[in-house]
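Below is one structure, written out as structure tokens; comments come after it.
Every chain is numbered from 1 and lettered A, B, ... according to where its sequence line falls, protein lines coming before strand lines. Below, each value reflects all heavy atoms present in this structure, side chains not excepted, and no hydrogens, waters or symmetry copies.
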Amino acid sequence: MDRTDTALVWFRRDLRLADNPALTAAVNQCARVIPLYIHAPDEAAPWIPGRASNWWLHHSLCALQRELHQAGAKLIIATGPTLERLQHIVRQTGATHLFWNRNYDPTSMSRDRDIKQRLTGQGLSCQSFNANLLSEPASILTGQGTPYKVFGAYWRTVSGQLHQIPPPLPPVRRISSPSKDLPTLSPGDLALLPRIPWDGGFHSVWQTGEQAALERWEQFLLHALPAYDRLRDFPDRDGTSRLSPHLHFGEISPRQLLWGLRQQADQSPATVTHLERIHSQLGWREFAHYILYHSPRSANQSLDRRFEKLAWKADDEQDAELQAWQRGETGIPIVDAGMRELWQTGWMHNRVRMLVASLLTKNLGVHWLQGARWFWDTLVDADLANNSLGWQWSAGCGVDAAPYFRIFNPATQAKRFDPEGRYIKRWLPELTGAGKNVLYSGRLSDEPFDYPLPILDLSRSRRDALQRWERIKRQQRE
DNA sequence: TTCCCCTTTAT
DNA sequence: TAAAGGGGA
């Protein structure tokens, strides 16, 4: 090792010290390491991170700052443009190396490619790593050499290769760093927190940062995994891992999860069904990133192009309905409960996400992008790959999509997955004294609850939607 | 081409 | 019980 080498570690969506290949490589290769975060939200346009996401980022940066401090380094926080900032810090510090972990969304990829090219040209050694996916999207292809289009075949192939995945890297405990002398912004300077304090409900639900992510994972393995297959669909139960925001910001890595599950399987082989279920959840996350990698336009357009011509509602037609949906005032209790959970906590149970998406795109005929944009702004786990795949799946216009004739009936779903209405009443306290009919299907005009009447007729809107979708399906695929 | 298979359902 | 479809080997 050349004792004069100084490395920059450019943190992005990998806000952790454990299983962080870029950080580990920097510490191994260079005498001095400077951890760096560059805030440049505009560079993610048109998907500039939303308000809930920013809330999380603020607290996660604070946590990372603490972790790095304990390891003996100061996190340098700066603002973009990223390339110029990197060049400035390289001059300022005499850095010889730059390390980062790859993102796979199209905007990041093209920016990072450019940065790598420019800085390499200026004599900097740039190295990037895969830290956030189990497999490189480019390497998984069908027998014909084309990208997979359905989850099942894709996951079979990836599953077959999982045994090759190395164990997670141990946390970096000691960083020798000259960064103490460098100027930095504080997370607060990035103005990520709300000016109006709407985040009260967030604090009671979430703990951010690497340590919190690890603790949640431990808790999940201990309590939820043994009944995962049975309870994960019930939104009032703590049956899911709730790791999505931690995963999005890279506070924990899929490799850590994979190896944790592997250990669990050795300890209690009885939990095989549950293990397979949670594995396939990891698989869907993986698949979403894979699809966005191979079909970059899927973030902004229907993958099945016929759907761009579907009779989606025009802006002026949809305003009132979209707003009712966003505010949780559609009069359909399970849907409104979900939308209010989202608003108050920055998160929604996945079963309910499917229901509210089905209602918006199919019953209300509002373009899936409107829903995707709302989720993008309000979810703490907002992730371009997962969000695009989820919405296109729901609308029936993406890869491996839900069949167009599958339109959720919110009443049936509520009855099945929230039979006592506990979830509904928790988020819609105005329905506390309501009977099951009201809880499942909404209020009739002579009932006194301070809750809106349904803004739509479920069965008629269902029939209309089927007709619209059927017309589209009859057109030939391009 | 044929056959198997499909996260998340409807009446 | 049926499946208005379609991907992959």
Side-chain angles (χ1 to χ4, degrees), chain A residues 140-160 228-235 237 239-241 244 272-288 290-291 294-295 298 302-307 310 334-335 338 348-363 368 371 386-387 389-418 423 440-441 458-478:
Chain A
I140 308 293
L141 299 168
T142 65
Q144 277 77 53
T146 55
Y148 284 96
K149 294 188 168 170
V150 295
F151 173 74
Y154 165 82
W155 189 234
R156 237 188 319 281
T157 299
V158 175
S159 294
Y228 186 64
D229 194 41
R230 190 163 51 83
L231 294 183
R232 68 192 193 99
D233 268 322
F234 293 87
R237 306 295 297 265
T240 65
S241 75
S244 49
V272 177
T273 6
H274 305 298
L275 283 167
E276 265 171 31
R277 275 289 191 183
I278 188 74
H279 263 117
S280 99
Q281 291 306 308
L282 266 185
W284 275 93
R285 172 182 181 277
E286 202 72 13
F287 186 55
Y290 175 84
I291 294 300
H294 287 287
S295 308
S298 68
S302 305
L303 270 176
D304 185 335
R305 289 177 195 270
R306 292 171 299 178
F307 279 76
L310 185 87
I334 187 84
V335 169
M348 195 194 302
H349 189 280
N350 193 49
R351 157 113 346 231
V352 190
R353 292 190 198 195
M354 293 188 283
L355 302 184
V356 303
S358 168
L359 187 95
L360 186 74
T361 57
K362 294 189 167 165
N363 299 82
W368 63 268
N386 292 332
N387 202 36
L389 183 100
W391 277 97
Q392 294 221 33
W393 185 90
S394 291
C397 60
V399 287
D400 206 3
Y404 72 91
F405 47 85
R406 182 172 295 162
I407 297 174
F408 284 105
N409 182 334
T412 317
Q413 293 284 312
K415 193 172 185 175
R416 195 140 93 202
F417 297 111
D418 189 29
Y423 178 76
Y440 298 154
S441 308
L458 282 177
S459 58
R460 207 188 59 209
S461 62
R462 176 174 200 279
R463 277 197 305 277
D464 294 350
L466 280 176
Q467 274 178 14
R468 270 179 289 139
W469 256 254
E470 213 162 333
R471 239 176 287 146
I472 284 294
K473 280 288 173 182
R474 288 221 185 92
Q475 293 171 19
Q476 235 189 342
R477 265 180 189 279
E478 289 172 33

Spacing between A:Trp391 atom CH2 and B:dT8 atom P, to the nearest angstrom: 19 Å

Polar contact flag, side-chain donor to acceptor under 3.5 angstrom, A:Trp368-A:Ser394: no

Over-ring placement of A:Arg351 relative to A:Phe417, 6.0 Å and 45° cut-offs: yes

Whole-Å distance separating the OH atom of A:Tyr148 from the P atom of B:dC5: 17 Å

Any donor-acceptor N/O pair under 3.5 Å between B:dT9 base and A:Arg416 side chain: no

Separation of B:dT7 C1' from A:Asp400 CG (nearest whole Å): 9 Å

Nearest heavy atoms of A:Asp418 and A:Tyr440, plus distance in Å: O-CE2, 4.1 Å

Rounded interatomic separation in angstrom, taking CH2 from A:Trp155 and P from C:dG7: 22 Å

Nucleotide paired to B:dT7 in any strand shown, Watson-Crick or G-U, under 3.5 Å: none

d(CD1, A:Ile140; P, C:dA9) in whole Å: 12 Å

d(CZ, A:Arg351; C1', B:dT9) in whole Å: 10 Å

Pair of N/O donor and acceptor under 3.5 Å linking B:dT7 base with A:Arg277 side chain: yes

Complementary nucleotide of C:dA4, counting Watson-Crick and G-U pairs under 3.5 Å: none

A:Tyr154 and A:Tyr148 aromatic ring geometry - parallel, tilted or perpendicular at 30°/60° bounds: perpendicular

Phosphate-side-chain proximity, A:Arg156 and C:dA9, N/O vs OP1/OP2 below 4.0 Å: no

